[in-house]
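Single-structure report; data block below.
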Amino acid sequence: MKLGYPCLNWSLPCNAGKTFRLKSYSDEKLIETVDNNLSCLMNILQYNKDNGFYFFRISSETIPFASHEICQFNWQKQFENQLQTIGKFILKNEMRISMHPDQFVLINALDKKIIKKSIKELQWHCELLDLMGLKEDAKVQIHVGGVYDDKQASMKRFVDNYKKLPELIKKRLVIENDDRLYSLKDCIEIHEQTNIPIIFDNFHHECLHNDEPVAEALSAAQKTWTKNDGILMTDYSSQQPGERVGKHRDSIDIKHFEKYIKATKDYDFDIMLEIKDKEKSAAKALQIIGVYSKTSVPRPS
DNA sequence: CCATGTCAAGGTCAC
DNA sequence: GTGACCTTGACATGG
């Protein structure tokens, strides 16, 4: 079991997701920003190693405007060496990596232009992981997409479009159950027709489910991962009190996490903590895992 | 120099 | 039909 947090680290003085406005785009600006982002990413990974966090989500802002037509620059070549160095560090320390492009990536859209743009976006995420030399267990996660007033038809479009994706995307793409539209059960239905692995999100499952107890749900998601895909990836969060249903916590609810870990102690899976204060809550979570989890937890070096 | 309106992208839901 | 919200900080402009 590996544990981590997404994209940002508040304890370090750098930002691995620095960006700029489209209006101020220039190749020089891109180089400067990516250079900053990659060197900060390296700092974060070192911090993570020192603190026992062996799962990390690389920000989609790492390469700003990578899929936008304005970006014609060959960042792949420019940063080849830096990416390899980072990749080697990740492999050497047996770290798990994910990426999560945001809500604009819809491979089940009705509009073909949106699908095309989405594929372009997925393409660069996968290229980045490929350039780092990461194994197939480094994943790019998305939600199923929109419903467009006809869920069955939209799920079918997902399946059809998924099958047409280039291999470099297919080998990394995974879907996550969401909190309003596509439940774990829906994801399983899609998995049965595509073999796409499912990331289990406990909080989304709390918001939208079909009465499966959490351990049963986790187990069902686990079955969708092959040896090459690696250990089941999961996202963890819980409800921020007094806020809209679905709002992630500012900091970890230890009792809730403890209960979750106890209920799922028989399973090995990696946990991405989607909590606003990032590494601070992750450190608390690591303590809990050390107490309850049967599966081995890498220790801080 | 600082405050704050705004930022590539789509879809859903409340009103 | 329109606008807030997702998620959210920080970019960058205008005062």
Side-chain angles (χ1 to χ4, degrees), chain A residues 5-30 32-34 36-37 40-41 44 57-73 75 98-125 140-151 153-155 157-158 161 175-183 186 201 203-204 206-208 235-240 242-251 272-281:
Chain A
Y5 56 92
C7 306
L8 305 171
N9 176 305
W10 300 122
S11 306
L12 292 169
C14 68
N15 176 1
K18 202 170 160 59
T19 185
F20 50 86
R21 293 287 99 95
L22 177 59
K23 267 196 280 188
S24 49
Y25 181 93
S26 70
D27 287 349
E28 291 70 33
K29 192 132 192 159
L30 182 79
E32 182 195 323
T33 305
V34 173
N36 167 83
N37 291 346
C40 181
L41 172 59
I44 294 177
R57 182 182 297 162
I58 296 176
S59 171
S60 290
E61 307 232 64
T62 303
I63 320 283
F65 305 105
S67 71
H68 193 282
E69 58 183 17
I70 201 167
C71 177
Q72 297 296 323
F73 182 75
W75 56 268
S98 68
M99 295 187 81
H100 192 351
D102 46 64
Q103 68 266 39
F104 310 106
V105 170
L106 295 153
I107 69 170
N108 76 345
L110 290 165
D111 183 345
K112 284 206 166 66
K113 288 199 292 289
I114 292 172
I115 295 173
K116 210 175 159 185
K117 275 199 245 176
S118 298
I119 294 174
K120 225 178 148 190
E121 180 74 359
L122 291 173
Q123 173 100 17
W124 86 255
H125 280 79
V140 174
Q141 67 189 92
I142 58 170
H143 296 293
V144 176
V147 165
Y148 310 94
D149 295 323
D150 186 345
K151 198 165 175 182
S154 298
M155 283 165 73
R157 265 199 318 284
F158 183 98
N161 292 336
I175 48 173
E176 173 193 348
N177 58 306
D178 72 72
D179 58 348
R180 290 174 307 130
L181 307 176
Y182 292 97
S183 67
D186 297 325
D201 186 310
F203 183 36
H204 291 164
E206 281 176 23
C207 299
L208 177 72
D235 285 348
Y236 170 85
S237 192
S238 67
Q239 178 66 39
Q240 174 71 17
E243 292 279 351
R244 147 197 86 74
V245 171
K247 172 83 174 174
H248 291 197
R249 295 276 306 201
D250 289 346
S251 80
M272 179 59 61
L273 277 200
E274 292 190 321
I275 310 261
K276 207 171 154 187
D277 68 359
K278 313 277 178 188
E279 75 282 359
K280 203 173 154 200
S281 283

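So you know, we letter chains A, B, ... as the sequences are listed, proteins then strands, and number each from 1.
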*Mind checking what makes disulfide (SG to SG under 2.5 Å) contact with A/C7, not counting sequence neighbours?*
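Once residues adjacent in sequence are excluded, A/C7 has no partner under the disulfide (SG to SG under 2.5 Å) criterion.
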_The criterion is disulfide (SG to SG under 2.5 Å); which residues satisfy it with A/C207, sequence neighbours excluded?_
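If we apply the disulfide (SG to SG under 2.5 Å) test to A/C207, skipping adjacent residues, there are no hits.
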_According to ring pair (Phe, Tyr, Trp, His ring centres under 6.0 Å), who are the partners of A/Y182, at least two apart in sequence or on a separate chain?_
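Not a single residue meets the ring pair (Phe, Tyr, Trp, His ring centres under 6.0 Å) criterion with A/Y182.
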*Apply ring pair (Phe, Tyr, Trp, His ring centres under 6.0 Å) to A/F158 and list each qualifying residue two or more places apart in sequence or on a separate chain.*
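A/F158: no ring pair (Phe, Tyr, Trp, His ring centres under 6.0 Å) contacts found.
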Using whole Å, what does the distance between atom [atom2] of nucleotide [N] and atom [atom1] of [X] come to?
X	N	atom1	atom2	result
A/Y25	B/dA8	OH	P	14 Å
A/R180	B/dG11	CZ	P	13 Å
A/D111	B/dA9	CG	P	14 Å
A/D102	C/dC5	CG	P	18 Å
A/K120	B/dA8	NZ	P	16 Å
A/L110	B/dG11	CG	C1'	11 Å
A/L181	B/dG11	CG	C1'	8 Å
A/E61	B/dA8	CD	C1'	11 Å

*asked:* When you compare the side chains of A/S237 and A/E274, does any donor N or O come within less than 3.5 Å of an acceptor on the partner?
replied: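 Checked: A/S237/A/E274 side chains show no N/O donor-acceptor pair below 3.5 Å.
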*Are side-chain heavy atoms of A/Y236 and A/I275 found at a separation under 4.5 Å?*
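In short, these two side chains touch, coming nearer than 4.5 Å.
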*Do the non-hydrogen side-chain atoms of A/Q240 and A/K276 ever get within less than 4.5 Å of each other?*
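A/Q240 vs A/K276: side chains apart.
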Mind checking the [atom1] distance from [N] to [M]? Whole angstroms is fine.
N	M	atom1	result
B/dC2	C/dT7	P	32 Å
C/dG3	B/dC7	P	15 Å
B/dA8	C/dG14	C1'	23 Å
B/dT6	C/dC5	C1'	16 Å
C/dA4	B/dG5	P	13 Å

_Test salt bridge (charged side-chain N to carboxylate O under 4.0 Å, His left out) applied to A/K280 - qualifying residues, sequence neighbours left out_ =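 With neighbours one apart ignored, the set is empty.
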*Please list, chain by chain and in numerical order, all residues satisfying salt bridge (charged side-chain N to carboxylate O under 4.0 Å, His left out) with A/E279, sequence neighbours excluded.*
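If we apply the salt bridge (charged side-chain N to carboxylate O under 4.0 Å, His left out) test to A/E279, skipping adjacent residues, there are no hits.
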_Both atom distances under 3.5 Å, Watson-Crick or G-U wobble: I'd like the secondary structure of DNA chain B as a dot-bracket string, with | for pairs made across strands._
|||||||..||||||
*Just checking A/V147: base, sugar-phosphate only, or nothing, at a heavy-atom cut-off of under 4.0 Å?*
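Sugar-phosphate: the residue A/V147, judged by heavy atoms under 4.0 Å, touches backbone atoms but no base.
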*asked:* Mind checking if A/Y148 touches a base, just sugar-phosphate, or nothing, with heavy atoms under 4.0 Å?
replied: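 Sugar-phosphate only.
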*By side-chain hydrogen bond (donor to acceptor under 3.5 Å, both in side chains), which residues pair with A/T33, not counting sequence neighbours?*
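Expected list: none.
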*Any chance you could list the contact pattern along nucleotides 7-15 of chain C? Use B for base contacts, S for sugar-phosphate-only contacts and - for none, protein heavy atoms under 4.0 Å, 5' to 3'.*
SSSSBS---
_Base of B/dA9 and ring of A/F104 stacked, centres under 5.5 Å, planes under 30°_ =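 Stacking is present between B/dA9 and A/F104, given that their ring centres fall under 5.5 Å apart and the planes under 30°.
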